Protein chains: 4
Amino acid sequence: MTEHRSGPVRSAAAREAILSATARLLVDEGWDRLTIEGIARAAGVGKQTIYRWWASKGALVAECLLDGRFFAVEPAVGDTGELLRDLRDWLTPVLHFLNTTTGRSLLHSLVAAATEEAGVGAHLSDAFGADRLLADRLRAAVATGELPPGTPVDQLGHAVFGALIFEVLSKDEIDVPAFLDLVGFLLGPRPAAGEPETPGSPAEPA
Amino acid sequence: MTEHRSGPVRSAAAREAILSATARLLVDEGWDRLTIEGIARAAGVGKQTIYRWWASKGALVAECLLDGRFFAVEPAVGDTGELLRDLRDWLTPVLHFLNTTTGRSLLHSLVAAATEEAGVGAHLSDAFGADRLLADRLRAAVATGELPPGTPVDQLGHAVFGALIFEVLSKDEIDVPAFLDLVGFLLGPRPAAGEPETPGSPAEPA
Amino acid sequence: MTEHRSGPVRSAAAREAILSATARLLVDEGWDRLTIEGIARAAGVGKQTIYRWWASKGALVAECLLDGRFFAVEPAVGDTGELLRDLRDWLTPVLHFLNTTTGRSLLHSLVAAATEEAGVGAHLSDAFGADRLLADRLRAAVATGELPPGTPVDQLGHAVFGALIFEVLSKDEIDVPAFLDLVGFLLGPRPAAGEPETPGSPAEPA
Amino acid sequence: MTEHRSGPVRSAAAREAILSATARLLVDEGWDRLTIEGIARAAGVGKQTIYRWWASKGALVAECLLDGRFFAVEPAVGDTGELLRDLRDWLTPVLHFLNTTTGRSLLHSLVAAATEEAGVGAHLSDAFGADRLLADRLRAAVATGELPPGTPVDQLGHAVFGALIFEVLSKDEIDVPAFLDLVGFLLGPRPAAGEPETPGSPAEPA
DNA sequence: GGCTAAACGAGACGGTACGTCTGGTCTTCAA
DNA sequence: TTGAAGACCAGACGTACCGTCTCGTTTAGCC
């Protein structure tokens with residue numbers, strides 16, 4: 001049974017103006033210069049209207065993220081049958097975007113938001129495409145045998161995205177070829193570690 | 001040629017009080033509640049004394065990081081000859097620490113600091129031990145043939161740390177066994193892709 | 001009595017609830033803490049219902065004043081034939097009431113309301129009783145010759161009330177005997193100012 | 001021995017700017033539209049600088065009052081030997097000022113301030129001149145015998161001022177001649193009450 | 001030992017933003 | 001059609017910090 005109440009209903013126009021102002025200001029100004037007052041001003045809205053519906057600026061950013069207001073990601077990772085080639089093709093433009101001022105500062109802002117608001121972190125990799133797109137391609141690779149069965153597909157996506165975040169946070173610029181090499185190493189084929197003759201599998205002693 | 005001038009010299013007591021107050025307050029209050037005024041108050045110091053020597057609260061945190069005021073890391077990753085066992089032994093207590101309230105919020109705070117201050121990001125993985133300790137052990141593994149020659153050792157360390165950061169930011173709690181499995185997959189032996197039919201696949205797990 | 005016709009009607013209950021909440025809140029909280037929202041809440045009424053019928057909180061207070069919702073004044077000033085004695089008997093309890101917290105703050109509130117709303121000022125002295133009761137007794141005194149003919153009776157009432165207001169606004173407490181003495185001086189008999197022999201009246205030279 | 005403290009000293013420029021903005025805004029906008037933010041804006045000052053030194057907007061107005069920032073009162077009531085004539089000469093321009101928009105709203109504002117801040121009420125009549133100037137003239141009248149000995153001089157000044165306040169609060173406009181008549185009645189000679197039959201009643205007007 | 005100058009503690013200053021509260025208007029729904 | 005409920009824009013409240021700028025004191029070389 002739905003709760004019935006008299007009175008006006010939430011304004012869709014205000015919601016839209018607030019979220020779109022939030023997304024624009026986060027990109028333009030960055031997380032630490034993003035303020036509720038600034039959003040209200042830019043959206044032509046009273047502050048109370050924001051506080052009525054969102055608990056913090058982090059919650060606003062999380063909702064923008066879910067709405068896909070930051071990235072226009074490639075709809076899917078291609079599938080030529082060669083996993084690494086497909087990943088490189090998909091990752092390369094992403095890495096170059098993250099080497100632009102806008103891209104860098106957007107990622108910085110989103111990570112900063114994630115440190116304050118659990119909801120942002122929870123959806124970060126998905127908004128980025130890692131959860132859906134990348135994991136789907138990895139699953140396909142498992143199906144064709146390019147990756148071994150039992151591969152922790154979702155975790156792998158997170159690891160690649162985590163490495164990416166760390167690269168952006170810790171360096172001035174992503175070294176694109178080096179990053180692609182890393183992905184190649186992480187996901188590519190690899191011999192059983194130099195001691196193929198050793199009877200016991202070295203990775204699982206007991 | 002040193003510049004000679006009269007007058008008092010930088011107070012070591014003030015520097016120590018400031019850095020130790022910074023480290024304590026970051027752990028206790030978190031990055032966003034860490035304020036210059038609060039540090040000055042806690043350190044019994046004038047604000048100007050802070051601004052004279054550090055450019056921002058990020059710079060303060062970066063210096064604390066370099067001084068190793070946050071972590072007491074294991075001096076080295078053990079070397080039993082089995083890479084994955086050594087990594088697990090080293091990582092397990094770290095992961096459990098990051099599942100405590102203190103550990104979680106400390107990592108959140110440091111990541112937040114890194115989004116604002118390049119210096120923090122630059123030294124984050126090193127302070128954590130990933131650069132020195134982990135990479136050293138990986139290098140040893142390359143030398144003994146546990147890892148193939150040409151393994152991007154430093155990048156691998158960053159990838160593991162990046163995955164860790166992402167795990168903390170995006171989930172309520174690190175799933176320790178799953179994370180150890182991921183590391184096993186990332187660094188462990190793996191059959192050459194694209195030849196799933198190869199009869200004598202050396203490390204086919206199932 | 002049940003309402004037995006379709007369609008709502010101007011609610012007398014709402015009017016009563018609003019005015020009684022206004023009076024109670026003005027006494028309890030004071031003028032500056034009296035808010036339309038608070039009245040609506042206390043009366044169980046929508047804000048618009050108040051704005052529909054009254055222009056401001058001042059108008060509400062003015063109507064409460066006219067309804068006599070603040071004072072329960074002595075019905076009349078006694079008439080023993082001695083004006084000053086009667087005035088003292090009537091004024092004394094009033095002055096003591098104005099020395100209580102409630103009385104003080106009520107007068108403060110009403111004066112504050114009067115500064116914002118002409119209607120409050122216009123009826124303040126009347127609601128207090130000065131216009132009707134006091135002036136009636138003064139008129140009687142003129143009739144008996146206790147006061148000279150031509151005495152500005154209404155103005156005198158206002159002057160006494162004005163002195164009272166000023167006393168409350170400017171001091172922590174009314175000095176009751178001193179105030180009664182003042183009234184005695186203002187209304188009592190007085191010789192023609194030290195020069196009884198002077199033929200021309202000193203007060204009106206031309 | 002004065003209290004010594006290091007650090008900067010209170011800014012006289014800020015104090016002056018704040019008080020002068022307060023006085024101007026109170027006159028221009030009125031008490032209820034006077035805001036701390038508006039004062040800070042007009043004075044080119046941070047809000048905290050106001051809150052540091054004054055507890056409320058009432059305290060600001062009280063200090064303006066003490067500084068004589070509202071009235072430019074006649075330095076003294078004239079003394080021609082005829083009390084009522086002197087009072088009329090002094091009061092007439094004051095009454096006309098209080099019949100202007102500015103004068104009316106200034107008095108309204110000051111009375112409103114007095115209802116919230118004891119300090120304003122305490123100095124209101126003095127700033128107006130009633131305490132010093134009027135009382136001085138009344139004292140002189142007692143000395144020359146124009147007023148009887150024992151006349152409550154200070155209280156009389158307050159009564160006149162109170163009547164004035166009440167007149168402004170309760171009417172649209174002061175009736176200047178009627179008010180002067182009232183003052184004439186309050187302070188002028190008057191026959192002894194209770195002896196209306198006395199034949200040689202010295203100052204029987206009609 | 002006096003002089004000079006920097007570093008220190010303290011904190012006032014002009015500001016920005018916070019999160020809360022109220023004002024007055026406008027919208028929806030129930031009776 | 002009235003009235004309750006309450007969302008809306010607007011903006012003031014008092015607080016917390018920002019980064020800069022005095023102050024008066026303390027201390028370290030140099031004459």
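Throughout, protein chains are lettered first and strands after them, A, B, ... in sequence-line order, and every chain is numbered starting at 1. Predicted, not measured: the structure shown is a model, and the values here were computed from it.
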Cut-off 3.5 Å, no hydrogens considered: what does the side-chain donor-acceptor table look like for residues 51-69 of chain D, sequence neighbours left out?
unit_1, atom_1, unit_2, atom_2, d
D:W54, NE1, D:E63, OE1, 2.7
D:S56, OG, D:G58, N, 3.4
D:S56, OG, D:A59, N, 3.2
D:S56, OG, D:E117, OE1, 3.1
D:K57, NZ, D:W31, O, 2.9
D:K57, NZ, D:L34, O, 3.0
D:E63, OE2, D:R15, NE, 3.2
D:E63, OE2, D:R15, NH2, 2.6
D:D67, OD2, D:R69, NH1, 2.7
D:R69, NH2, D:E16, OE1, 2.7
D:R69, NH2, D:E16, OE2, 2.6

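Take the nearest nucleotide of DNA chain F for B:E37 and for D:I36: the residue whose nucleotide is more 5' is D:I36. The nearest heavy atom of DNA chain E to C:S56 and to A:A55 marks one nucleotide each, and the one closer to the 5' end goes with A:A55. Nearest-nucleotide mapping onto DNA chain E: of D:V9 and B:A14, the residue sitting toward the 5' end is B:A14.
The side chain of C:K47 approaches F:dG6 more closely than any other nucleotide in the set F:dT20, F:dG6, F:dG19. You'll find that the side chain of C:Q48 is closest to F:dG6, out of F:dC8, F:dG6, E:dA17. Comparing E:dT27, F:dG3, E:dG23 by their nearest atom to the side chain of C:T49 picks out F:dG3. Side-chain proximity of C:Y51 to the nucleotides F:dA4, E:dA12, E:dG23 is greatest for E:dG23. Of the candidate nucleotides E:dA7, E:dG11, F:dA12, E:dG11 has the atom lying nearest to any side-chain atom of D:P8.
The CG atom of D:D32 sits 4.0 Å away from the CD atom of C:E116 when rounded to the nearest 0.5 Å. For the atom pair CD1 of A:I39 and CG of A:L19, the computed distance is 9.0 Å after rounding to the nearest 0.5 Å.
Checked by atom type and distance alone, the side chain of B:S109 pairs as donor or acceptor with a backbone atom of B:S105 at under 3.5 Å. Checked by atom type and distance alone, the side chain of D:R104 pairs as donor or acceptor with a backbone atom of D:D172 at under 3.5 Å.
Atom CG in C:L60 sits about 11 Å away from atom P in E:dG23, given to the nearest Å. Nucleotide E:dG9 holds its P atom 8 Å from the CZ atom of B:R52, rounded to whole Å. Atom C1' of nucleotide E:dA5 and atom CZ of B:R10 are separated by 18 Å, given to the nearest angstrom. Here F:dG19 presents its C1' atom at 18 Å from CH2 of B:W53, a figure rounded to the nearest Å. Here the C1' atom of nucleotide F:dA10 and the CZ atom of D:R33 are 15 Å apart, to the nearest Å. Going from atom CD of B:E116 over to atom C1' of F:dC18 covers 13 Å, rounded to whole Å. Residue D:K57 contributes atom NZ, which lies 11 Å from atom C1' of F:dC13 at whole-angstrom precision. Distance, C:I50 CD1 to E:dG24 P: 11 Å, rounded to whole Å.
If you check residues 15-28 of chain D against DNA chain F, you find no residue with a heavy atom closer than 4.0 Å. Contact check of residues 39-46 of chain B against DNA chain E (heavy atom, cut-off under 4.0 Å) returns B:G44, B:V45, B:G46.
Counting only heavy atoms from C-beta outward, the side chains of A:L110 and A:L26 approach each other to under 4.5 Å. Residues A:T22 and A:I18 are in side-chain contact: their nearest non-hydrogen atoms beyond the backbone lie under 4.5 Å apart. B:I165 places a side-chain heavy atom less than 4.5 Å from the side chain of B:V111.
Here the shortest heavy-atom pairing between A:G121 and B:S170 reads O-CB, 3.3 Å. Residues A:A14 and A:V45 share a closest heavy-atom pair of CB-CG2, 4.2 Å.
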